[in-house]
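Worksheet: the structure to be examined is printed underneath.
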Amino acid sequence: MSIFFDVIRQGDKYLQSWPKQRVLNCLFIDSKIVYYTRLSIKLAPAFMFLIVALNIIHPGLFTGPVIFTFILFLLGLPVQGLYWLGKRSTTLLPKQLLDWYGAIQEKLYGHLRDNQQVMRQHPSYLDLALLLKKAFKIGGDKFLQHNELI
C-alpha cells in the first residue's frame, strides 16, 4: 500500500513542478492533466459539501449508498490524476524528446556554465518539467514562442 502512496506523492511533486504555460498545452498532455487535477482538487470538496447539504435539506432526495458513491467518485478524481502524474513523472523521456531536452539545456546552460555537459544519462518527465520550469523562469513567458526549439 505504501507503493501507491509513494506514487501519489511523486504525482504531487510533478504537479507542483510542471510549468503553467499555455505554449506547453499543445505539446504535452501533462499540461491538461495537471490543469484538471488542480481543478478537481479545488472543486471536489465543494461538490462533496453540496451533496451532503442537499441531503440535509431534502432528506429523501438521495439514499445513503448514492451519497457514498458520489463522495467516492469525487475523491477518486484527484487521486486518479495524481496517480497518473506520479507514473508519468518516473517515465524516461522517449528518443524524440531527448534532442529537444538537450537543446533546451544547451540554450540555458551553454553560456552560464562554459559548455559543461549538464544533460543526465536518462532524463525523466520530472527532469523535463524542472528544466522547463527553470527555462521559463530565466527566459520569461515567451521562452518557446519564437519556435526556435519546437
Side-chain angles (χ1 to χ4, degrees), residues 1-53 62 65-150:
M1 194 66 160
S2 83
I3 294 173
F4 176 75
F5 290 114
D6 290 340
V7 173
I8 296 294
R9 275 188 227 104
Q10 185 70 19
D12 187 48
K13 181 179 178 184
Y14 189 56
L15 179 78
Q16 303 304 324
S17 301
W18 190 259
K20 298 177 189 176
Q21 298 293 328
R22 288 185 182 209
V23 72
L24 296 176
N25 289 348
C26 62
L27 299 174
F28 296 99
I29 191 155
D30 303 51
S31 296
K32 294 176 184 176
I33 301 295
V34 164
Y35 173 77
Y36 289 122
T37 303
R38 284 185 179 136
L39 185 67
S40 68
I41 288 171
K42 289 178 185 175
L43 293 181
F47 281 114
M48 284 185 241
F49 177 76
L50 181 66
I51 290 169
V52 172
F62 299 119
V66 172
I67 294 171
F68 184 70
T69 304
F70 279 152
I71 290 176
L72 278 180
F73 173 74
L74 290 171
L75 283 174
L77 290 175
V79 171
Q80 181 181 357
L82 289 172
Y83 187 80
W84 189 91
L85 289 170
K87 285 293 194 180
R88 177 72 165 203
S89 70
T90 58
T91 304
L92 299 179
L93 289 177
K95 292 178 183 177
Q96 298 89 347
L97 286 178
L98 284 177
D99 293 334
W100 193 63
Y101 181 87
I104 293 173
Q105 268 196 336
E106 183 179 323
K107 186 169 182 166
L108 282 179
Y109 301 121
H111 305 293
L112 298 175
R113 295 194 181 179
D114 301 322
N115 294 326
Q116 286 180 346
Q117 182 65 5
V118 183
M119 186 169 162
R120 295 171 38 172
Q121 293 296 326
H122 297 287
S124 66
Y125 277 94
L126 180 61
D127 298 326
L128 178 66
L130 294 171
L131 181 70
L132 285 172
K133 191 171 188 175
K134 184 177 269 189
F136 282 112
K137 185 178 180 183
I138 292 173
D141 290 340
K142 300 193 186 279
F143 179 72
L144 292 179
Q145 290 184 356
H146 300 299
N147 293 334
E148 64 266 358
L149 294 175
I150 298 177

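For reference, positions follow the sequence shown, starting with 1. The shown structure was predicted, so the numbers you read here are calculated from the model rather than taken from an experiment.
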List the steps, then state whether side chain to side chain contact (heavy atoms under 4.5 Å, CB included) holds for Phe47 with Leu77. CA-CA 12 Å; Phe47 281 114; Leu77 290 175; over 6 Å; no

Criterion side chain to side chain contact (heavy atoms under 4.5 Å, CB included) on Val79 and Phe4, from CA distance to verdict: CA-CA 10 Å; Val79 171; Phe4 176 75; 3.8 Å; yes

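Taking the side chain as every heavy atom from C-beta outward, Asp6 and Ser2 approach each other to under 4.5 Å. Between Ile33 and Tyr14 there is no side-chain heavy-atom pair separated by less than 4.5 Å. Two residues are said to be in side-chain contact when any heavy atoms from C-beta on lie closer than 4.5 Å; Leu24 and Trp18 meet this criterion.
Panel note: side chain Ser124, backbone Ser89; a donor-acceptor pair is recorded below 3.5 Å. Under the 3.5 Å distance criterion, the side-chain polar atoms of Lys13 are left unmatched by any main-chain donor or acceptor of Leu126.
Under the side-chain hydrogen bond (donor to acceptor under 3.5 Å, both in side chains) criterion, Thr37 pairs with no residue at all, not counting sequence neighbours. Residues satisfying the salt bridge (Lys or Arg N to Asp or Glu O under 4.0 Å) criterion with Asp30, sequence neighbours excluded, are Arg88. Checked against salt bridge (Lys or Arg N to Asp or Glu O under 4.0 Å), Arg38 has no partners two or more places apart in sequence or in another chain.
Between the CZ atom in Phe73 and the CD1 atom in Ile51 there is a gap of 9.5 Å [rounded to 0.5 Å]. Distance check, rounded to the nearest 0.5 Å: NZ of Lys134 to OG of Ser17 gives 12.0 Å. Going from atom CG of Leu85 over to atom CD of Gln80 covers 10.5 Å, rounded to the nearest 0.5 Å. Interatomic distance, Ser31 OG to Arg22 CZ, rounded to the nearest 0.5 Å: 12.0 Å. With rounding to the nearest 0.5 Å, the separation of CG in Asp127 from CG in Leu132 is 11.0 Å. We find the CG-CE distance between Leu43 and Met48 to be 10.5 Å, quoted to the nearest 0.5 Å.
Heavy-atom contacts from other residues, nucleotides or ligands closer than 6.0 Å to CG of Leu72 number more than 12. Heavy atoms of other residues, nucleotides or ligands lying less than 6.0 angstrom from CZ of Phe62 number more than 12.
Among the candidates Thr90, Leu97, Leu130, the single residue satisfying the side chain to side chain contact (heavy atoms under 4.5 Å, CB included) test with Tyr125 is Leu97. Checked against Ile71 for a side chain to side chain contact (heavy atoms under 4.5 Å, CB included), the options Leu75, Leu74, Thr69 give a single hit: Leu75. The side chain to side chain contact (heavy atoms under 4.5 Å, CB included) test with Pro123 singles out one residue from Leu92, Leu98, Leu128, and that residue is Leu98.
Pro45 and Ser40 get closest at one heavy-atom pair: CD-O, 4.4 Å.
Using a cut-off of 4.0 Å between Lys/Arg side-chain N and Asp/Glu carboxylate O, Asp12 and Arg9 are scored as not salt-bridged.
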